[in-house]
Structures are given as C-alpha cells and as structure tokens.
Amino acid sequence: MAVGMTDKDIETINRRMGSVSGHLIPAEYGSVTLSNCSSRMDDTYHRVHGEVPTYIPDWKLALDDPANPFTDIIYEKAEGIAKITINRPERRNAFRPQTVKELMRAFNDARDDNSIGVVIFTGKGTKAFCSGGDQSFRGKEGYADYDSFGRLNVLDLQVQIRRLPKPVIAMVAGYAVGGGHVLHMVCDLTIAADNAVFGQTGPKVGSVDAGYGASVMDRLVGPKRAREMWFMAKFYNATEADKMGLVNTVVPLEKLEEETVKWCREIIRNSPMAIRVAKSALNAVDDGHSGLQQMGGDATLLFYGTEEGTEGKNAYLQRRKPDFSRFPRLP
Ligand SMILES: CC(C)(COP(=O)(O)OP(=O)(O)OC[C@H]1O[C@@H](n2cnc3c(N)ncnc32)[C@H](O)[C@@H]1OP(=O)(O)O)[C@@H](O)C(=O)NCCC(=O)NCCSC(=O)CCC(=O)c1ccccc1C(=O)O
C-alpha cells in the first residue's frame, strides 16, 4: 500500500478505475452499439446521468421568414431539437435548387437559434431519405429551376453542415443514394432504419461528387470500399452499411424517430461547448485550412469569454494600457 493511503482511499481508487475502464469498452459495429451498451452498465457514471426519455416530441412548425414559406421542406423544432425534412416524397425526396435553398435557410436558422442544440436531417415518408439531385432539373451548367442559370448548389449545403457548430444527425429510412448518400455522409451521425439502402449512383447517371462525396467516404469506409462504392455504383442494405462504418446504428423502421430523438436528448444534456469543439476538431484535419479556421474560431470564442480577453478590450475602449500582469503564463 502506498505511504499515507488508507483502505478507504484504495477502495475509492478501485471504484474510479472500474468506472473509467467501463468508459473505455470499445464500441463494436453490428449488433452491439454504444446506446445499448450504456443501458447494461451499473456504475456511478450511469447512476448519476441516467437514461433519457424516448417519447417523440411535440414538433412545432418553424419558419425563418413568414413572408416566404417553405415549399420543398418541413422545418420543425421542439425541446432544443430542430428537424429538417425534405418534402418531395413523390420524387423519393430528390432535391431541386429550390429544395437546397430552403434547406440552407433552415440549417442557417437552426445554427443561429441558441435554443437549438442538435439538428435532425431526414426525408418525408419511409421510402427515401433522399435520392440525390433531381435529374429533370439538370442541365449542362448544373441544376436550374426558377433561375435561368445552373449551379451545383448542394456543395454549399454540404459545407454548411460540416461547419455548423452543432451536431447534425441524418435519420435515414429507405433510399439514401446519389447526392442523397453524400448528404447523409456529411452529417455527424447517421441513424438508419432497417429498410435503409445506401449507395452512389453517379457513374450510372453521368455524375460524380469529387468533393466530400469522395473524401468523406474514403474516411468512413476506407479506400478499397470507397472505390467499390464509386466504381461499381452498388447499393448496400442497412446491415452492410453498418458493418462498413457508414452508419452509427440500425433500428427497426417503426423505432427510427424514437431512437434518433433519444440520441439527440443524450447529446443535448452534454456540454454544448465541448460538443462544438469536438465537432470542429474532428473535422479539422480533413477540412484543411477551412477546418483549422473553424476550430481556431472556437479558440477565439473561448478566449473572448475570459477576463484576460476582456481586459484587452476594456483597455482599448478606456484609452489605457492593458494590464495583463495578473494573468498566469500557464505551463
Ligand atoms: C431511389 C430509387 C432507387 C428508388 O426507386 P423506386 O422506389 O423504384 O422509385 P422510382 O419509381 O424510381 O421513383 C419514384 C419517382 O421519383 C422519381 N425520382 C426518383 N429519384 C429521382 C431523381 N434523383 N431525380 C428525378 N426524379 C427522381 C422517379 O423518376 C419516379 O418518378 P415518376 O414520375 O413516378 O416516374 C430510384 O428512384 C432511383 O434510382 N433514383 C435516381 C437516383 C439517382 O441516380 N440520383 C441522382 C444521382 S446524381 C446526383 O445526385 C447529383 C448530386 C449533385 O447534385 C451534385 C454532385 C456533385 C457535385 C455537385 C452536385 C450538385 O450540386 O448538384
């Protein structure tokens, strides 16, 4: 026994070690997921934090601009969660430029609304999350509807989701294919229903996403699988997608929203700043300078909240020299 240690100290250490090692149990792909792991554990961590409820919230329609209602999406909020739904089920939720513009408005609103901690991104109905770009709007310059010119609009939406400093969860029932597959990949988490189908179709319809559609996929499934997905344009069922690391968990279709909301509640009760920094840090290397800028912005944000940062601002406004002498130079 170490000098000065009582039996009680040893008991405390053992208990804490047990608790910490419990946190280090690796998540397995397939049948065992983080969510069902935690419900089996009986330790201080789980006794303190407990379970979250699974009921579906009373979603309320949300509008960023009442004079300009959404036509292609449904935007709802409840209990700190925003839910953004592509509402074109008759086209398997394919997106046209108008859809992408509305999605960007809703994601922007969810970002700016400080009551919102997490965003669910989904598609209307059970047949599709999203089937990619609506091919009937495709021209030589990209996709065009009310504008006379074409654009590759969805690339801006992908960047917006990556940079949004709150977790975005793709809730996938049915097809997530083509540009719709890329959209779920750029989300932070994917909860799949057991009827979900994943894949790229580009090489069959004369299209390719050579941006995040390639690089994020490579990270998720590895270089060999990513080549398989792009070169062969095959579809994968939910179990296969789970094994490949494309999704976080697979649940029965009828439990999809319940489980997704449960994950949202689990996230929302955690430290928003820790989650914000984790997201920017996890994206930083892959997003290069833009990723570092996002993470660097988080450092500035935290610094502005300190007395040291405030002293600099106050000194400037009071026309005096700043006094930084009381702030430690930490090791
Ligand atoms: C998804 C399917 C496998 C579902 O099959 P099924 O259940 O049998 O339904 P269907 O009868 O096929 O479809 C019902 C209905 O919907 C229409 N539809 C479905 N998907 C699309 C679509 N993507 N575009 C237009 N219309 C669509 C379909 O025609 C039917 O209409 P009816 O009038 O009832 O006949 C299957 O539907 C399917 O394979 N869909 C196509 C999938 C696909 O190839 N998507 C396009 C991939 S390319 C892409 O997404 C481009 C992405 C992109 O936008 C982009 C990429 C890179 C850089 C930039 C960009 C950018 O910004 O644009």
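Order of listing sets the numbers, starting from 1, for every ligand and every atom in it. All figures in this text were calculated on a predicted structure; none of them were measured in a lab.
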Please determine whether any non-hydrogen atom of Val208 lies less than 4.0 Å from an atom of ligand 1. yes

Do any heavy atoms of Phe95 fall under 4.0 Å from ligand 1? yes

When you measure from [atom] to the protein, is at least one non-hydrogen atom found at a distance under 4.0 Å?
| atom | result |
| --- | --- |
| atom 18 (N) of ligand 1 | yes |
| atom 30 (C) of ligand 1 | no |
| atom 39 (O) of ligand 1 | no |
| atom 13 (O) of ligand 1 | yes |
| atom 6 (P) of ligand 1 | yes |

For atom CE of Met232, is the number of surrounding heavy atoms from other residues, nucleotides or ligands below 6.0 Å larger than 12? no

Minimum-distance protein heavy atom relative to [atom]:
| atom | answer |
| --- | --- |
| atom 52 (C) of ligand 1 | Gly179 CA, 3.8 Å |
| atom 45 (N) of ligand 1 | Ser131 O, 2.8 Å |
| atom 25 (C) of ligand 1 | Asp134 OD1, 3.1 Å |
| atom 46 (C) of ligand 1 | Gln135 NE2, 3.4 Å |
| atom 63 (O) of ligand 1 | Tyr143 CE1, 2.9 Å |
| atom 62 (O) of ligand 1 | Leu152 C, 2.9 Å |
| atom 26 (N) of ligand 1 | Arg91 NH2, 3.7 Å |
| atom 58 (C) of ligand 1 | Leu155 CD2, 3.6 Å |

Which class fits the ring pair Phe95 and Tyr143: parallel under 30°, tilted 30 to 60°, perpendicular over 60°?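 Tilted: the ring planes of Phe95 and Tyr143 meet at 30° to 60°.
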
As a check for students: among [options], identify the option with a heavy atom nearest to [atom].
| atom | options | answer |
| --- | --- | --- |
| atom 48 (S) of ligand 1 | Pro203, Gly213, Ser207, Ala233 | Ser207 |
| atom 60 (C) of ligand 1 | Val154, Thr201, Val177 | Val154 |
| atom 15 (C) of ligand 1 | Arg92, Glu90, Arg138 | Glu90 |
| atom 23 (N) of ligand 1 | Gly178, Cys130, Gly133 | Gly133 |

I'd like to know if the side chain of Gln160 reaches the main chain of Met104, judged simply by a donor and an acceptor atom lying under 3.5 Å from each other, with no hydrogens or angles considered. yes

Under 3.5 Å side-chain donor-acceptor pair for Ser207 and Arg138: no

Verify the distance criterion only: is there a donor paired with an acceptor across the side chains of Asn87 and Tyr75 at less than 3.5 Å?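 There is no such pair between these side chains.
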
With respect to Asp287, which candidate in Arg162, Arg163, Arg219 satisfies the salt bridge (Lys or Arg N to Asp or Glu O under 4.0 Å) definition? Arg162

Would you say ligand 1 has an N or O under 3.5 Å from any N or O of Ser136? no

